[in-house]
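The structure under discussion appears below in the form of structure tokens.
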Amino acid sequence: MRALQSALDADGLIRKMESDLENLIAEAESGVAELSKRRDDRWHPTFHIAPVAGWMNDPNGLSFFNGRYQVYFQHHPLSGTPGLMYWGHVSSPDLITWFHEPIALAPSMEEDRDGVFSGSAVVDANNVLHAYYTGHRWRNGIDGKDDSLEVQMMATSHDGVRFEDKQVIISPPTDMPHFRDPKVWKMGDIWYMILGASSDKNRGEVWLYTSTNMTDWEFHSVLFRDPDPNVFMLECPDLFPLGDKWVLVYGPMGKTPTGYQSRNGHNAGYVVGNWAPGKTFSPLTPYHPVDWGHNFYAPQTFESPDGRRIMFGWMGSFTYVAPYPSEDGWNGQLTLPRELRLNEDMTLTSSPIGEVNQLRVATHDFGALIVPENTSIVLVEDAGPVEIEVVIDSTRSTSERIGLLVHKTPDGSHVFVGYDDLSGRVFLDRRLTGNGDRGCRSAPCSRGEQLELRIFVDNGSVEVYANGGQSVLSSMSFPTSGPRSIEISSESGEIAIDSLKIHRVGTIWEPTN
Ligand code: FRU
């Protein structure tokens, strides 16, 4: 009798939790709707995933489920600044047309009361989606001054839209200030999970867990410890095979800027090594940035049904939040989806997935041209969202910097992207940007006989892919008002262009959205 009563009580409790979750989601949804009424679109992206309104950071739960690509993301629905985190959600049949879905996960339990933090999602043999995420609490109940209490949680879904059965699956062995961001995958009959942790000696580590049933997890080993003693935590780790090697991607917290590297408030990089189930991870390379721009963090990958390793990163910043574009009622966007490949020298190439070409709606072909020395030529007087494809003949170009001024407005402010022949690097220079954080970022780049650049200019961002994704830079850019022109510019030498095309890029949002 007592057993029956407690079963009924447990059932009642679960139903109550689920209706609490639904109510929280409904409230958050109306928050987003309210905020979207006063959204300013001057910088809101056309072809990058961004929230309808509210704050976005990390991509979460990347998966292919129910016939669609599912992208969840860290989302604060009630303002354009970071706050209580939910999982926002968009989905797509083809990775280039997207649909805004309702908020997927909300903080509805004591263990996730201060945030449904980052995590991943995998599909089981019964076609159920399992979302793994970090339940976050501030220890003092208010803010991060006294560290956090973090546990790993799981929720399941039959349609990718509504989640249920939220539960804690892993608690830290001792009190730990950082213990988060589970990434799960399966090999053979075993499920593997890695997460980021701060050791008792304050070192950034990646911990490995295993499970046979997706719910009960055992600690296996410390997979990786960052050799840099200043690094105290590795956020959002991801481990995946490319060829016969394994790539470990993570966000090292506490890394000091050196030269061109680690200059952002938060930086994401990778090491390549050997790993096999039951074995330790042995790195074979030093740490390399994944992307050299101002705003790239918390990338996550998944394997598409056709076997490609696809990555989305977050183009945003916790360091320079306000006022741009938070005052517009939103903040944060994802990069284009990128396919990763491993080169022979064990560096990563990341280039926009082929489908992105389908977003081109019109093309202006400028053909081959010479830009005489110290000359700027206006290519487009008022460009909306565009992709610029340019092939430079390195053997005939003598210009010190070979570049394109984008987001150039009548007051002269702009972002300058291109190749610097003095340093041999491809650059994204925001020193004369209209609004927000400045600085110049650059990446190594082999010049060869030809230099290929693909530059994606959306309303509030610029992404540069050099030589098929050998070097990538992603940065937010918030131009001042007025027409946004594009110019090509030479400095103390001429530029020989083999081909130059500017494609107008259409929206990624499904017409019903
Ligand atoms: C990375 C991160 C994660 C955390 C989430 C919270 O940007 O700090 O470690 O889970 O964002 O929004």
Side-chain angles (χ1 to χ4, degrees), residues 28 51 54-62 71-89 103-107 111-121 131-139 143-144 147-155 168 170 172 176-184 193-198 204-207 226 231-238 249-255 262 264-269 290-291 294-301 311-321 326 331-335 474 476:
W55 167 268
M56 158 192 273
N57 53 289
D58 317 354
N60 293 155
L62 304 182
V71 170
Y72 304 88
F73 55 88
Q74 286 291 281
H75 185 32
H76 177 53
L78 303 180
S79 81
T81 53
L84 186 59
M85 292 299 178
Y86 295 59
W87 271 29
H89 183 200
I103 286 171
L105 287 166
E111 288 86 350
D112 62 14
R113 66 160 195 232
D114 295 329
V116 175
F117 270 16
S118 283
S120 53
Y132 293 92
Y133 69 92
T134 299
H136 173 81
R137 271 177 287 176
W138 301 120
R139 187 180 292 277
D143 58 26
D147 292 331
S148 337
L149 294 168
E150 294 182 321
V151 294
Q152 311 321 319
M153 305 186 60
M154 184 183 78
V168 175
I170 301 177
M176 294 176 66
H178 302 281
F179 182 69
R180 60 177 172 273
D181 306 339
K183 178 80 200 298
V184 175
M193 175 195 292
I194 53 169
L195 52 83
S198 203
E205 295 182 341
V206 174
W207 289 17
D226 197 298
V231 171
F232 59 89
M233 166 66 180
L234 305 181
E235 288 191 315
C236 302
D238 195 351
V249 178
Y250 52 92
M253 293 176 87
K255 219 171 169 58
S262 308
N264 300 334
H266 20 271
N267 305 281
V290 177
D291 179 303
H294 297 77
N295 305 108
F296 179 88
Y297 195 57
Q300 188 176 99
T301 71
M311 171 183 269
F312 284 91
W314 167 45
M315 261 199 290
S317 174
F318 289 123
T319 327
Y320 297 97
V321 169
S326 303
N331 196 332
Q333 54 191 300
L334 301 186
T335 62
S474 307
M476 298 187 286

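Because the structure is a prediction, the values reported are computed rather than measured. First listed ligand is number 1; within each ligand, the first listed atom is number 1.
Between Y320 and N295, the side chains place no donor N or O within less than 3.5 Å of an acceptor N or O (distance only, hydrogens not considered). Judged by distance alone, the side chains of T134 and Q152 do bring a donor and an acceptor atom under 3.5 Å apart. In this model, no donor atom of one side chain and acceptor atom of the other lie less than 3.5 Å apart for D58 and Q300. Side-chain N/O atoms of N267 and S262 include no donor and acceptor closer than 3.5 Å.
Counting the atoms of ligand 1 from 1 in the order shown, those under 4.0 Å from a heavy atom of R180 are 3 (C), 4 (C), 9 (O), 10 (O). Atom numbering of ligand 1 starts at 1 in the shown order; those under 4.0 Å from a heavy atom of M85 are 12 (O). Counting atoms of ligand 1 from 1 in the listed order, those under 4.0 Å from a heavy atom of Y297 are 1 (C), 7 (O). Close contacts between ligand 1 and Q74 involve ligand atoms 5 (C), 6 (C), 12 (O) [criterion: under 4.0 Å to a heavy atom]. Under a 4.0 Å criterion applied to the non-hydrogen atoms of S118, ligand 1 contributes the atoms 5 (C), 10 (O). Atoms of ligand 1 found under 4.0 Å from any heavy atom of D181, numbered from 1 in the order shown, are 3 (C), 4 (C), 9 (O), 10 (O). Near F117, meaning under 4.0 Å from one of its heavy atoms, ligand 1 places the atoms 4 (C), 6 (C), 10 (O).
If you look at H75 and Y86, their ring centroids are not closer than 6.0 Å.
Scanning for side chain to side chain donor-acceptor pair (under 3.5 Å) contacts around S79 gives T81, with sequence neighbours left out.
At least one heavy atom of F318 sits less than 4.0 Å from an atom of ligand 1.
Counting only heavy atoms of the protein, atom 8 (O) of ligand 1 lies nearest to E235 OE2, 2.8 Å. Of the protein's non-hydrogen atoms, D58 OD2, 3.0 Å is the one closest to atom 1 (C) of ligand 1.
Only the side chain of N57 comes within contact range of ligand 1, with a heavy atom under 4.0 Å; no backbone atom does.
A donor-acceptor contact shorter than 3.5 Å links the side chain of S120 to the backbone of P182. Proximity of a side-chain donor or acceptor of D112 to a complementary backbone N or O of P107 within less than 3.5 Å is not detected.
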